[in-house]
Every structure is written in structure tokens, then in C-alpha cells.
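All values reported here derive from a predicted model rather than from experimental measurement. So you know, we letter chains A, B, ... as the sequences are listed, proteins then strands, and number each from 1.
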Amino acid sequence: MLVAGPLGLLEEEENKALSLTMMSQSLSRYLLEHITEAYRSILPASTTLEQELFGLPEPPKPEELLTRMLATPAVVSIRCMNCRSESPRPGTTHVIDLMYPAQKLVGRVKMPVARTTFSQVLMSSVERETTTKGWCSRCQRYQTLQTRKTTHSAPAVLTINAAVSSPEQRRFWATPGWLPEEVGIIVDSGQFFCYEEEALRFHLQRGAHNIAVYSLIGMVVNVDSGGQPQNPHLVAMVNGEHGPS
Amino acid sequence: MPFYREVLLSSWPSNIVSDLGAPPVQLDPSFLATLKQMEWGWYGRNTRGLLRNQVEDTRGRHRGANALKAPKFLSEKARESMSSGLNPPAEIRQASETLLSSNDLASLKGEAPAMYRNFEIKYSKFGVDDFDFRLVFFVLGMITKGVWLIRVGRYYNSTRYAGLENHIVNSYANSLLQVMHYTPLLRNLALQHAATACLASPCLLCELGYVFDMLQKAEGSTCQATNMFKALSSSPQGMFCYQKPKLRLYPNLCL
């Protein structure tokens with residue numbers, strides 16, 4: 001059973017320690033998971049709009065619609081660095097947690113990260129290439145494992161979790177214009193590409209790939225003045241141009 | 001509450017309402033260092049620049065000059081305009097000036113600009129409907145160039161974008177609900193589902209659909225997502241009967 005309580009989604013006494021940001025991030029994950037489950041359970045009366053939007057030849061099944069709208073179907077492949085064996089695992093997600101480039105340590109000084117664009121961060125977050133220690137069932141011992149995600153398609157609604165956990169990561173967001181109003185995404189044979197600004201215009205002009213342009217609809221922002229003069233609170237920012245008329 | 005014109009006995013004028021317990025005077029550490037300690041306390045020269053018997057107003061400092069002045073209740077205003085005959089938009093001008101003057105690029109500053117600060121809705125005798133939400137919204141629109149600010153709790157609002165009240169438990173979710181509401185595909189998906197014969201109870205997607213429908217139909221007045229939050233907090237045994245086993249691990253993975 002999946003209940004909201006253990007996930008820390010409810011404002012209760014014992015959850016006081018959790019930050020609003022964490023709660024909101026988990027809630028978005030929970031809601032999207034739940035939306036897909038509930039939507040799948042019963043057929044909507046009409047899906048003509050979606051059929052038109054996605055240019056489908058026949059009325060789509062709920063499953064197909066969900067993949068096109070919310071889910072990022074992906075396969076996580078775990079590779080043992082020792083025996084080179086690979087094991088795939090389903091890794092479909094509804095929310096993309098951003099992974100920021102690690103800071104380089106030169107001596108004892110943290111070097112500032114060279115200008116990394118939002119698209120670059122998003123690209124590496126989708127691929128999620130990480131190295132961890134783990135059990136390799138073929139070597140029968142703990143080995144260094146490399147995990148990587150292969151994505152087959154991108155949904156029409158991309159939900160991204162900023163997952164800011166340090167002042168350095170917050171600096172990205174504090175840079176004016178770091179978050180572009182539009183990004184272009186190309187998914188080609190398991191590879192995920194993301195472009196913004198100049199590169200996006202270039203790709204649109206060239207038209208060699210099937211590029212999907214995403215507009216920023218809105219975001220949930222945590223306003224925190226370090227407890228002074230007020231407690232942190234969340235604010236929603238929405239671009240009214242995409243809103244209902 | 002019946003309609004009334006005369007002043008109620010319970011509405012005290014501001015001159016008899018007084019603050020109790022002022023915060024103590026903050027003393028300069030360098031001043032403290034000059035004091036001599038005795039058994040009964042400390043003594044030294046009075047270098048504060050105030051008379052010995054003069055009391056410092058420590059409350060005024062805490063209010064802060066940058067804070068927005070709370071607007072008047074609509075009923076108060078109506079009474080005022082009845083007596084004075086004119087209704088100058090002075091408050092609007094003052095509030096917008098506060099906003100504009102504090103709008104320098106502050107992305108890295110510790111303190112958030114005034115317009116993003118948290119406000120508490122004050123409830124008058126007439127409830128939330130009495131609150132004047134219309135004050136400065138158009139100014140916000142101008143500042144952020146096409147990006148509209150939907151304030152959680154909808155304090156100041158002259159637009160057709162409805163807000164969600166923020167005094168309910170779990171109202172931290174309001175901002176997420178707002179963003180989802182303005183995502184056309186998501187909104188449509190929830191509305192579609194709410195229109196089906198879904199029998200799951202409670203069903204979060206149905207509740208989402210109702211919230212979105214309400215936000216759209218409210219045309220700028222306040223809404224509450226109480227039912228949605230209730231559905232969220234009830235532990236739904238039947239709701240997840242179609243749950244796939246793999247998702248049962250979820251609570252362990254998250255947080």
C-alpha cells in the first residue's frame with residue numbers, strides 16, 4: 001500500500017523538520033505517480049483533443065497517452081567495471097531530478113564551476129551517469145558499478161525537480177537568465193539532447209532532427225530569508241501567456 | 001453576522017488597543033564592555049545619547065520600513081468612502097512604490113523582495129470575502145515581464161487568476177497545484193478523469209480535477225483545496241488495490 005504519510009507529504013508535528021521544498025518535491029513525484037495510476041484505471045469519455053494534439057491515427061489508449069504526456073520511459077543499465085557485464089532495469093520516471101556538475105577540488109580550494117547551461121545540466125540529469133560500489137551477481141563480489149539511463153522518448157509535460165542542496169547549486173539559479181524560457185529536446189536512438197538559445201535556433205533552422213520545443217510554464221519557488229524576518233514559504237510563478245484565456 | 005452600520009462595541013479604536021511586552025533594548029557590545037560589574041548588576045556612563053529616564057521604542061524597529069502595509073478590510077473601506085465621499089487610490093500607489101523601490105536585482109541577497117514575502121490573510125468579522133485582494137497585482141505583472149505571480153493565499157489580486165487560501169493544513173501544496181493547474185495538458189487530464197464514473201474514494205485525480213475546475217470558475221476570487229488535502233491525508237486502502245507490487249517499495253526509496 002502506498003500512503004501519503006510515510007512519504008512525509010503531510011503537515012504534521014513529526015514532519016516539522018522537513019523543509020517545504022522537500023515536501024513539495026516529494027508531493028510532485030507522488031501526485032504524478034498517482035495521476036498515472038488513476039488515469040489508467042478508467043477510460044476518459046473523450047480523448048479527441050489529445051488525438052489531435054499528438055497527431056494519432058486512432059483514439060489512443062490511456063497507457064499510450066500517459067507515456068506521451070507525463071512519463072519518461074527509460075532503461076537503467078548497470079555495468080560492472082570488472083567483468084563488463086550489463087544488466088538492464090526499468091527506470092521510467094515522471095519527475096527528473098537535476099544533477100549538478102560536481103565541483104573540482106584543486107588542493108583544498110573549491111574551484112567555481114565553469115559556466116554550465118541549464119540544458120547541459122538537464123542532459124546529464126536524464127542520463128544520470130553515476131559510479132557506485134555495488135554487488136555484481138556475476139563476479140559474486142562488490143565491484144565498481146556504472147549506471148546510465150537510456151531514454152526512448154520525452155513526455156509533453158516535463159516535470160523537473162531543481163533539487164538544490166547547496167549554496168553552489170543555488171548560484172546557478174541565482175544567475176539571471178540561467179533558466180531559459182524555451183529548450184529544445186531531441187531524443188534519438190536512446191540518446192537525449194537538450195539545447196537552448198543559440199544552439200536551439202541553429203537546430204530549428206537546420207531541421208535535420210525531430211526537435212521538440214518546450215516552454216517554461218511555471219515553477220514552485222521556495223522563498224527563504226534564512227528564517228528572518230519570516231519563515232520560508234512557497235510561491236508559484238506561472239507564465240500567464242500559456243494559461244487559460 | 002447581520003449587516004450593521006454603527007460601530008460595534010467589540011471593535012476597539014486603535015488608541016485603546018496597546019501592545020504588551022516590548023522586546024528588550026539591544027545594547028551595543030562595545031558599550032557593555034565599558035561597564036563595571038557589581039554584585040547587584042552593572043553600572044557605567046550613559047553613552048546611549050538618550051536621557052536617563054527616556055524609553056526607546058523597540059517595537060517600531062521590528063516592524064521594518066520595507067514591509068507592505070496591510071490593506072483595509074472592504075467593509076472598513078466602504079464605511080470610509082461613505083463618510084469622506086471619495087476613494088483615492090493612495091494605498092495602491094503607496095504599495096506599488098514600495099514594490100518598485102525594493103525591486104533591484106536581488107537574486108543573491110539574503111532577503112527576498114517584499115512582493116515575495118509571506119502574508120497572512122486577516123479574517124474580519126465577515127470572513128475572507130471581506131479582504132481586499134485587489135491592491136497591487138497589475139504592478140507585479142509589469143515588473144516581471146509576462147511572468148505572472150500567483151501569490152499563494154492570493155493576497156493582492158486584480159486578475160482573473162484565482163488563488164488558494166493558505167491557512168489550511170497541507171496548504172504548502174498550493175503552489176504545486178497552481179503550477180499544475182496552468183499546465184494545459186495536466187489540467188485537461190484531471191478534468192477528463194473527474195468527468196468519468198470513477199468510483200475510487202478518495203481519488204486524488206478526481207479531487208485534482210475539482211480543484212482545477214474550481215480555480216477556473218472562481219475567476220479571481222479565493223478557493224480552498226480542503227477536499228484535495230483531505231484525500232491526500234486519508235490513508236486509502238481501496239485506492240491502491242490496482243497498485244503494482246513494485247511500487248510498494250516506494251516509501252523506502254523516498255526520503
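- Smallest separation of non-hydrogen atoms from B:Val179 and A:Ala236: CG2-CB, 4.0 Å.
- By the 6.0 Å contact criterion, CZ on A:Arg89 is open, its count of non-hydrogen atoms from other residues, nucleotides or ligands being 12 or less.
- There is no contact between B:Leu199 and chain A, counting heavy-atom distances below 4.5 Å.
- For the residue pair B:His193 and A:Ser41, the shortest heavy atom distance occurs at CE1-OG, 4.3 Å.
- Note: A:Leu234 CG to B:Leu176 CG = 9.0 Å, rounded to the nearest 0.5 Å.
- Of all heavy-atom pairs between B:Ala173 and A:Leu27, the closest is CB-CD2, 3.3 Å.
- The CD1 atom of A:Ile217 sits 9.0 Å away from the CG atom of B:Leu186 when rounded to the nearest 0.5 Å.
- In this structure, chain A has no heavy atom under 4.5 Å from any part of B:Ala195.
- Contact annotation: the side chain of B:Asn188 approaches that of A:Glu50 to within less than 4.5 Å [non-hydrogen atoms, C-beta and beyond].
- The distance from atom CG of A:Leu70 to atom OG1 of B:Thr183, rounded to the nearest 0.5 Å, is 10.0 Å.
- A:His34 NE2 to B:Leu208 CG: the interatomic distance, rounded to the nearest 0.5 Å, is 8.0 Å.
- No part of A:Leu65 comes within reach of chain B, as not one of its non-hydrogen atoms sits under 4.5 angstrom from that chain.
- By the 4.5 Å heavy-atom criterion applied to side chains, A:Leu31 and B:Met228 are counted as neighbours.
- Residue contact with chain B, scored on non-hydrogen atoms closer than 4.5 Å, is absent for A:Gln25.
- Counting all heavy atoms, side chain and backbone alike, B:Leu185 lies closest to A:Ala156 at CD1-CB, 3.4 Å.
- In terms of heavy-atom proximity, A:Tyr39 sits nearest to B:Gln192 at OH-OE1, 2.6 Å.
- Annotation for B:Leu205 and A:Ile35: closest pair CD2-O, 3.6 Å, computed over non-hydrogen atoms.
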